[in-house]
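Read the structure below first, then the notes.
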Amino acid sequence: MASTSSEDSLRHLLRVKPGEQIDLARFDCGATMGRDKDKAEVHLAHHLARLTELQERIYAEAKHAVLIVLQGIDAAGKDGTIRVIAGAFNPQGTPVTSFKVPSTHEAAHDYLWRIHAAVPGKGEIGIFNRSQYEQVLVVRVHELEPEERWRRHYRQIRDWERMLTEEGVTILKFFLAIDNDTQRQRFQERVDDPVKRWKFSTADVAERKLWDDYRAAFEEMLTETSTDYAPWFLIPANHNWLRNLAVSEIVADEIEALNPQYPEPETGVEGTRIE
Ligand code: AMP
Ligand code: MG
């Protein structure tokens, strides 16, 4: 089983260093990080059991907030990751928020307004399906704002995340990297499988044509916004089993490092006899 601090742990290997240049065209999205598929189920179960206990401790202690951010191109596996990770948690204390195209009301405010309102409170582990980062992704690719404006968002987001971490929010950001052919296969499956078809829209075909624009936007996002205090983890996500293993292991290791403790009992509780 992976240890929590060794240099070859996934939380070290997959962490994007501040300012690191990322070339996603050369990144091996099918990497298995030396892990064995046959053992993946057992290891995943182990990490999910760790997550169940850690979440209970975080909740009981009510000292830390943990925010897990998921980004990735369409069909990268954001929903599947949430199903697996959130499945280990007690839903009472682990809010999941999906960010869609802003409503008229949301769009009338600054872009962080709706995001900030969804940041988990002390004792909570929150998961974002898409996030503040859409402001340098879809907004950039579709030219929804002029460049001089979306470019400022890198700094604004870094500053905002610094404030949150200083106030006790642990931010863990996961970029799920799949390659072009994997997206093609997953889209085809959605089209062919009546049970998955609802997930597919013709707009996905148009978005897929913008692959290279999204790639450039993802690369720059990772370089500009992976910080010591709010790191990105670059997850090879062609294989669902490795993706689930990596995210669950990193989240468990990072929360374990916070060392959450059950609170001390009230004085007089110990030894109380209930009549
Ligand atoms: P899905 O995650 O498939 O449900 O799709 C949500 C859609 O909302 C995606 O196409 C996102 O790009 C879009 N979206 C999310 N946040 C924003 C934003 N800030 N501005 C514009 N579009 C957004
Ligand atoms: Mg979609």
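Basis for what follows: all heavy atoms, side chains included, without hydrogens, waters or symmetry-related copies. All ligand and atom numbering here is 1-based and tracks the order in the structure.
At a heavy-atom distance under 4.0 Å, only side-chain atoms of V138, from C-beta outward, approach ligand 1. When non-hydrogen atoms are compared, ligand 1 lies under 4.0 Å from the side chain of P102 (C-beta onward) but not from its backbone.
By the 4.0 Å N-to-carboxylate-O rule, R215 lies close enough to E219 to be salt-bridged with it. Between R151 and E220, at least one side-chain nitrogen of the basic residue sits less than 4.0 Å from a carboxylate oxygen of the acidic one, meeting the salt-bridge criterion. A salt bridge is absent between R11 and E249: the closest approach of a Lys/Arg side-chain nitrogen to an acidic carboxylate oxygen does not fall below 4.0 angstrom. In this structure, E224 does not pair ionically with R155, as no charged nitrogen and carboxylate oxygen lie closer than 4.0 Å.
Geometrically, ligand 1 and E134 share a nitrogen or oxygen pair separated by less than 3.5 Å. The shortest N or O to N or O distance between L144 and ligand 1 is not under 3.5 Å.
By the 30° and 60° cut-offs, the orientation of the rings of W113 relative to H109 is parallel. Aromatic ring pairs are classed by plane angle as parallel below 30°, tilted from 30° to 60° and perpendicular above 60°; the pair F174 and F233 is parallel.
Residue Q135 approaches ligand 1 through these ligand atoms, each under 4.0 Å from one of its heavy atoms: 19 (N).
At least one heavy atom of R114 sits less than 4.0 Å from an atom of ligand 1.
Scanning E207, R130, E145 for the heavy atom closest to atom 2 (O) of ligand 1 points to R130.
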